[in-house]
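The structure under discussion appears below in the form of structure tokens.
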Amino acid sequence: MTGLGGLAVRRAAAGRGPLLALAVLTGLVVACVVGVIGQVEHGVRASVRDVSELAGESGTLVLRTRLVDDGAAQDATVRRLVADAARGAHVDVARSQAADGTDTPFVTWTVSVDATSLDPEDVIRLAAGLPGLESAVKGSDAQSRGLVVSGGLVAAADTLAARAGSFRAVAVVPLLVLGVVGVVGLGRVASQVVASRRRQDALLASRGVSRGQLRTLVGAEAAVTAALGAAVGAVASLLVLRGVVGPVAGIEQRAVVAALVAVVAVTLTTTVRAGRQLEDLQRTEPRGTLAAGSVVTTFALVVVALVATWRISVADDATPDLLAVAAPAALLVSLVMLGVLATGPVLAMLARRAARARGLDRVLALRSAARRHGVRLPALVAGLAVATTVLASAYSGSTAVGGARLASLDAGADLRVTVATSGPVVAADVDPAPGVDAGAVASAAVVVREADVGPETVTLLAARPASLDAVVRDGQPLAPALAGAATSSGPVLGAQGLTIPVTARFEQIPDLDVDFGLTGDPRVLTARVGATAWLVDDEGRFALARGSSVELDAEGPGSTGMLTVSTDLPGTWMVVSLSVTVDEVLSDGSRTYTQVFDGGHVVTIEVGDVSGAEGPVGPPVWELSKSGVDLPTAGRLVSGTTGTWVAPVAEGAARLPGVVDETLARAFDLAVGSKMPLTVAGINVDVVVTEIRDRLPGVESPAVAVDADALRGVQAAMGAAVLRSEEVWLRTAADAAGAPGAARSLAERLVSDGTWSVSADAVATVSAPRGAGVAAAFLTASVAAVLLALAGLLSTTRAQVTSREGETVALRALGLEPRRQARSRVVELCWVLGSGTVLGAAVGLVMARVATPLLVNAGTGSTGAGSVALDPLPVVVGLVLLVAGAAGILAAYARTVVGQAADRDLREVSA
């Protein structure tokens, strides 16, 4: 083979050692990058297959309309529109029809997904397409007389898509650092390959080979070599991934991209270096110094560090974007590179101090390390590797320690049961005891509902603080912050209950001959009067006592009746409010009408002195609530109204302490001690802010937490119906790591036993801590960075053997023995590696403190600043691998230097 092709083959055969090193390193870089990407995608897949997000109605989208004449065409249209909205994601569509006695019954399509087979791209497609499905169906001929859409699949897909995006964004940190380490290592080996051909390139230039031809020759050689190495690395990584985590969608395409990037990087580096080397060979004057380049590099790194620090400081915990989570990687790399630039002056200073003492070896080692930029390259890769290892340790530890807490904080408790609210309300607090009987160790009755602060809608969390603290794993008790609220009280209810005399006065007697549609005879007009009372016990629990009702006849001037209100609840109860309701009733024995007279109130009820309590109840002592309609006097009610009398309360009882989250505090510029007007269930309450937290357990931001008993006291004092707890929160006996499994088992028992008569859709369990996939990616990246750092160290030692051959001869001529030369070289690299390791540890600790909360929040989908904890495993593995690998490389380097020095000695003797 002749020509440029033959020359390339012969050059490759002659220099197969450096080319083999280049191929191996390229394969290692590609394998590491593909492995990290695969672990990230595996973690993303696990995060979008979160069953808790897609449980019950949250995982369905229901379309309901009337049946049209051509039902088959209607069904086909809906299925086509659903498929278009899914944009290629697999969804299940189930059709059902409910007969309602008409020719056009309701027909329903339920769209759902299989959480166990979802891929990240599926939820991204669903999040993009499903929001437009409602308008598409409304605009088609498939809907008839309106369309009703329900279910939470759209919101769930949006949440999961955002989580996948955040997860992938966090992975930018280990990938970027790994990429920098890989580029440095590949650049070093590529430069070594070019440097090893310096004499050949000089000979080729003297024979007339142009710079373009040489670049083509070197580029082709490097491209083929790198392509072979990248292909082997990618295939090996894909095989390992398939065996460890199973098939990963789209990983093959990403592997091809990683391989192409590596090949292009190697090809460009070798081509540029070869061209510059040939140019240097042809130059008659030196190129100049690198001082200006160093200044520009330093300035650029400082700018990057400042911008990255600013971006981290202003990042939104709730929705961190790609730039926010990429900023830590940029800051880490820039800080390590700035530190490496500073190692030269530091080592020079140490060399001057060492020169004052006896001995030459340490002085020579420090001076050489300070002067030679190439010698300090291992400090860069070692610093990046150690910094990545420390950051991986912080992320893994913080996720392990805080991930379970954050998952519990998201859920509120291990298990949440929404109790059916149908039927008579007996107590404001749902009895949580059945949950404890089923195996929970703590339970709490909780109110979660919307409220208003000015124009903003907020989430209200109300419970008994001590009970809530017992079920939430947050570790930050609410009870101290919510203490000091006014307690409700009133006269103690007697054993026989309240007795309430009422008298009906008929202000005007209507003509009962008017046709009201009643066919029976005689037609009778009566006044129906009933009573209820809210009670509170000495522990602050509220209960509703439903009293009897009477119907007072319209014959004569009026009639008198007696109402009674009592309770079967055990214990001592106090009356805090009394309500009396009046209705007109017109009946013929078969049909009944209430409030039939539009021409004014017909019946007036007078409420007499109430007895049956250890103190006054109702009129005239108690004040009539202003929340009802205007009434003529305090003790009189007109038909169609309800009068509520409330027990006297202390001044300022309408204010209650509350804990708000940072989102709400920022929105209204709240501080501790601020008064916040809260409107809940139509009642205005003044909440005094006692504490501001990152977030509140189990509720969406913005949110406020109050003592449920104190809130009910305020509501009762205003004559309003108190809020009823509609949820029960439970805590299992398992630790935080085992809580998801224990909660699922407890939920199955509650449903199967019929506790609270709840179905599976009404039970939500805490999810497993998210972010483990990113932690594994960090660990893999840190190990890969250490391996690449060792490869960079190996390439540096190989380059030093060739480039410092003349120095070896000179030192041997000056009488420096081979072993002392080897020891000096090893000490030199130990100083370099030591400085890089210390620098990397310092930068890693800084990054752990600054960036870990942001990265953990992005990786887990949580908000709020969590504690930073270090997992020793990544640090131990990384340092052991780095020390052991460096020791082996330095030992081999020392033997090579000794052999080189001894060989020169023998040549001089033989000469």
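- In summary, R749 and D753 do not engage in a salt bridge, as defined by a charged side-chain N under 4.0 Å from a carboxylate O.
- Under the 4.5 Å side-chain criterion, counting only non-hydrogen atoms from C-beta, V453 is not in contact with V687.
- In this structure, the side chains of S725 and R712 come closer than 4.5 Å at one or more pairs of heavy atoms.
- With rounding to the nearest 0.5 angstrom, the CG atom of N684 is 4.0 Å from the OG1 atom of T679.
- Within the 4.5 Å cutoff, no side-chain heavy atoms of F668 are placed close to those of S674.
- Side-chain atoms of T60 do not come within 3.5 Å of backbone N or O of T110 as any donor-acceptor pair.
- Nearest heavy-atom pair, G618 versus L578, reported as atom, atom and distance to 0.1 Å: CA-CD2, 4.4 Å.
- The CG atom of L664 lies 11.5 Å from the CG atom of D669; values are rounded to the nearest 0.5 Å.
- M574 meets the side-chain contact (heavy atoms from CB on, under 4.5 Å) test with S489, V492, V536; sequence neighbours excluded.
- Considering every non-hydrogen atom in both L746 and A438, the closest pair reads CD1-O, 3.5 Å.
- Scanning both residues, A127 and A157, for their nearest heavy atoms gives CB-O, 3.7 Å.
- The CD atom of E450 sits 5.5 Å away from atom OG1 of T457, with the distance rounded to the nearest 0.5 Å.
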Could you walk me through whether V582 and V502 pass the side chain to side chain contact (heavy atoms under 4.5 Å, CB included) check? CA-CA 10 Å; V582 184; V502 292; over 6 Å; no
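- Closest heavy-atom contact between P434 and T755: CB-CG2, 3.4 Å.
- Applying the side-chain contact (heavy atoms from CB on, under 4.5 Å) criterion to A681, with sequence neighbours excluded, gives R449, Q715, L723.
- Taking CG from L498 and CG from L563, the interatomic distance works out to 10.5 Å, rounded to the nearest 0.5 Å.
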Evaluation steps, side chain to side chain contact (heavy atoms under 4.5 Å, CB included), between V575 and L535: CA-CA 5 Å; V575 185; L535 312 176; 3.8 Å; yes
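- Note that OG1 of T663 is 9.5 Å distant from CG of D694, once rounded to the nearest 0.5 Å.
- The backbone N or O of A533 sits nowhere less than 3.5 Å from a side-chain atom of S577 that would complete a donor-acceptor pair.
- Here S549 pairs with nothing under the side-chain contact (heavy atoms from CB on, under 4.5 Å) rule; sequence neighbours left out.
- Counting all heavy atoms, side chain and backbone alike, A504 lies closest to L552 at CB-CD1, 3.4 Å.
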Show the numbers, then the answer: is there a side chain to side chain contact (heavy atoms under 4.5 Å, CB included) between M562 and T499? CA-CA 7 Å; M562 199 70 67; T499 300; 3.3 Å; yes
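- By the side-chain contact (heavy atoms from CB on, under 4.5 Å) test, E691 is found to be paired with A481, V659, R693, residues two or more places apart in sequence or in another chain being considered.
- Proximity of P491 to W622: side-chain heavy atoms (C-beta onward) are separated by under 4.5 Å at one or more points.
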I500 vs V565, side chain to side chain contact (heavy atoms under 4.5 Å, CB included): CA-CA, chis, key distance, verdict: CA-CA 8 Å; I500 309 162; V565 177; 4.0 Å; yes
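- Atoms CG and CG, on L678 and L711 in that order, are 7.5 Å from each other to the nearest 0.5 Å.
- At least one side-chain heavy atom of L133 sits less than 4.5 Å from a side-chain heavy atom of L63.
- Taking both residues in full, the closest heavy atoms of V706 and P657 are given as CG1-O, 3.9 Å, listed atom of the first, atom of the second, then distance.
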Report, one line per pair, each donor and acceptor closer than 3.5 Å where one atom sits in a side chain of residues 463-472; sequence neighbours left out.
from : atom 1 : to   : atom 2 : distance (Å)
R464 : NE     : D709 : OD2    : 2.8
R464 : NH2    : E539 : O      : 2.3
R464 : NH2    : D709 : OD2    : 3.3
D469 : OD1    : L478 : N      : 2.8
D469 : OD2    : L478 : N      : 3.2
D469 : OD2    : A479 : N      : 3.0

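- Inter-residue side-chain proximity for W645 and V580 is flagged as met; some heavy-atom pair is nearer than 4.5 Å.
- Contact of the D661 side chain with the V699 side chain is not registered, since no non-hydrogen atoms from C-beta on lie closer than 4.5 Å.
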Which atom pairs, one a donor and one an acceptor, fall under 3.5 Å between side chains of residues 727-736 and the rest of the protein, sequence neighbours left out?
from : atom 1 : to   : atom 2 : distance (Å)
E727 : OE1    : R416 : NE     : 3.1
E727 : OE1    : R416 : NH2    : 3.0
E727 : OE1    : W729 : NE1    : 2.7
E727 : OE2    : R416 : NH2    : 3.3
T732 : OG1    : D414 : OD2    : 3.0
D735 : OD1    : A737 : N      : 3.4
D735 : OD1    : G738 : N      : 2.9

